[in-house]
A.B. asks: 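Below you'll find the structure I mean.
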Amino acid sequence: MRASALLSVELGRGGRSVVRELRSQAPMTMVPRRAAATSTDGTAVVHLVGSAATPVGGDLVDLRVHVGPGARLLLRGTAATVALPGQHAGRSRSTVHIEVAEGGTVEYLPEATVITSRADHEAEMTISLGAGARARCRETLVLGRYGERSGLLTTTTHVVRGRTPLLRQRLDIGDERLTASSGYLAGARVLATETVVWDSDPVEPSSGQWWSLAPLAAGGALATAVGEDAVIAERRLAEAVSHHPDAKELEVRSW
């Protein structure tokens, strides 16, 4: 399966953000919230609905998002994504490219991705920020369904402001040698991360029981948590984000 989706949000009259362009197809169906129900600060809210089984081995899925100057977008998932093997050998691949213009805001908060035992999936996310742009992106990875081991996953995240890289991160899951190491996710089945580039940055790292919040050298912060299941991992991730200087605003907006 090959599928692509495009979403463009611009600042409209009265300071309300509006969806200017929306093109989606199964398995990525985007459903905007009605204008009357849009958040009180004028943020455009769009739900990303999985309308077909994906990613399956051999699938190529691409999502592109543009947020115009001063506009605000909350893009949320509605259900978990399950990576599955295909009928024939071949890796599945998904890409997310988000561009946020000067003074814009994007919040990309999909639901968890489950990596089933025979899956082989590659996920790439790129976020390009203009001056004064804000972004937060969450990723929750579940390593296998109940009672099974994880398949193969390579996930990369690139966050850039102008020409300055803020975060370049790669994670490989499913390698037997890594899994056997006591230092590899500490045996946890779920890894949750959130990249936050907001108005302020943490001055120094914070950490607690299986969570951490670390400032990035060129701006922004990365929250990380692990757990036995998604509920515990996301609860710990929320604890990590609560130590961010803008925690109150972040909590009100999306948790």
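No experiment lies behind these values; they were computed from the predicted model shown.
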A.B. asks: Quick one: do Arg236 and Glu239 make a salt bridge, cutoff under 4.0 Å?
C.D. replies: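 No, no charged N to carboxylate O under 4.0 Å.
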A.B. asks: Side-chain contact, heavy-atom cut-off 4.5 Å: Thr78 with Glu111?
C.D. replies: no
A.B. asks: Nearest 0.5 Å, what's the CG-NE2 distance between Leu7 and His66?
C.D. replies: 10.0 Å
A.B. asks: Cluster question for you: counting only ILVMFWY and a side-chain heavy-atom cut-off of under 4.5 Å, with indirect links fine, are Val106 and Leu22 together?
C.D. replies: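 Yes.
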A.B. asks: With distance as the sole criterion, is a donor-acceptor pair present between the side chains of His158 and Arg168 under 3.5 Å?
C.D. replies: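 There is such a pair between these side chains.
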A.B. asks: Taking the side chain from Thr116 and the backbone from Ala83, do they hold a donor-acceptor pair closer than 3.5 Å?
C.D. replies: yes
A.B. asks: Do Asp229 side-chain atoms and Ile232 backbone N/O form a donor-acceptor pair below 3.5 Å?
C.D. replies: yes
A.B. asks: I need the minimum non-hydrogen distance between Val142 and Ala112, along with the two atoms involved.
C.D. replies: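 In terms of heavy atoms, the two residues are closest at CG2-CB, 4.0 Å.
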A.B. asks: Are Arg170 and Glu124 ion-paired here, with the side-chain N under 4.0 Å from a carboxylate O?
C.D. replies: no
A.B. asks: Please set out all donor-acceptor pairs under 3.5 angstrom arising from side-chain atoms of residues 204-220, sequence neighbours excluded.
C.D. replies:
none

A.B. asks: Strictly distance-based, threshold 3.5 Å: is any side-chain N or O of His47 a donor or acceptor partner for the main-chain N or O of Val49?
C.D. replies: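 No, because the side chain of His47 does not come within donor-acceptor range (under 3.5 Å) of the backbone of Val49.
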A.B. asks: What is the minimum heavy-atom distance between Cys137 and Ile127, and which atoms define it?
C.D. replies: CB-CD1, 4.0 Å
A.B. asks: Is the shortest side-chain N to carboxylate O distance from Asp62 to Arg64 below 4.0 Å?
C.D. replies: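 Here Asp62 pairs with Arg64 in a salt bridge, since their nearest N and O are under 4.0 Å apart.
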A.B. asks: What's the verdict on side chain to side chain contact (heavy atoms under 4.5 Å, CB included) for Leu171 and Leu153, showing C-alpha distance, side-chain angles and the deciding distance?
C.D. replies: CA-CA 8 Å; Leu171 176 66; Leu153 170 69; 5.8 Å; no
A.B. asks: For Val67, run the side-chain contact (heavy atoms from CB on, under 4.5 Å) check against Leu75, Val100, Thr105 and tell me which one passes.
C.D. replies: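 The passing option is Val100.
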A.B. asks: So, Glu148 side chain and Ser117 main chain: donor-acceptor pair closer than 3.5 Å or not?
C.D. replies: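 Side chain of Glu148 to backbone of Ser117: a pair is present.
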A.B. asks: Of the non-hydrogen atoms in Ala225 and Leu237, which two are nearest, and what is the gap between them?
C.D. replies: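 Closest pair (atom of Ala225, atom of Leu237, distance): CB-N, 3.5 Å.
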A.B. asks: Using every non-hydrogen atom in the two residues, find where Ala135 and Leu129 come nearest and quote the distance to one decimal.
C.D. replies: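 Shortest heavy-atom contact: CB-CD2, 3.8 Å.
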A.B. asks: Would you say CD of Glu102 has more than 12 non-hydrogen atoms from neighbouring residues, nucleotides or ligands within 6.0 angstrom?
C.D. replies: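 Open: at most 12 neighbouring heavy atoms sit under 6.0 Å from CD of Glu102.
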A.B. asks: Output all residues satisfying side-chain hydrogen bond (donor to acceptor under 3.5 Å, both in side chains) with Glu10, sequence neighbours left out; order by chain, then residue number.
C.D. replies: none
A.B. asks: Using the rule given for side chain to side chain contact (heavy atoms under 4.5 Å, CB included), can you reason through Arg72 versus Leu74, listing the C-alpha separation, both sets of side-chain angles and the distance that settles it, and then say yes or no?
C.D. replies: CA-CA 7 Å; Arg72 298 178 294 275; Leu74 171 58; over 6 Å; no
A.B. asks: Tell me yes or no: between the side chains of Ser92 and His121, is some donor less than 3.5 Å from an acceptor?
C.D. replies: yes
A.B. asks: Taking Arg189 first and then Glu228, would you say they form a salt bridge - that is, a charged N and a carboxylate O separated by under 4.0 Å?
C.D. replies: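 Glu228 and Arg189: not salt-bridged.
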A.B. asks: With the 4.5 Å side-chain cut-off for hydrophobic clustering, are Leu141 and Leu185 part of the same group?
C.D. replies: yes
A.B. asks: Tell me whether Val9 shares a hydrophobic cluster with Leu11, the cluster being built from Ile, Leu, Val, Met, Phe, Trp, Tyr side chains joined at under 4.5 Å.
C.D. replies: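 No, Val9 and Leu11 fall in different hydrophobic clusters.
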A.B. asks: Answer yes or no: is there a donor N or O on one side and an acceptor on the other, between the side chain of Ser94 and the main chain of Val61, under 3.5 Å?
C.D. replies: no
A.B. asks: The test is side chain to side chain contact (heavy atoms under 4.5 Å, CB included); show your working for Trp198 and His244 and say whether it passes.
C.D. replies: CA-CA 10 Å; Trp198 218 252; His244 192 280; 4.2 Å; yes
A.B. asks: Would you call Arg93-Asp59 a salt bridge at under 4.0 Å N-O?
C.D. replies: no
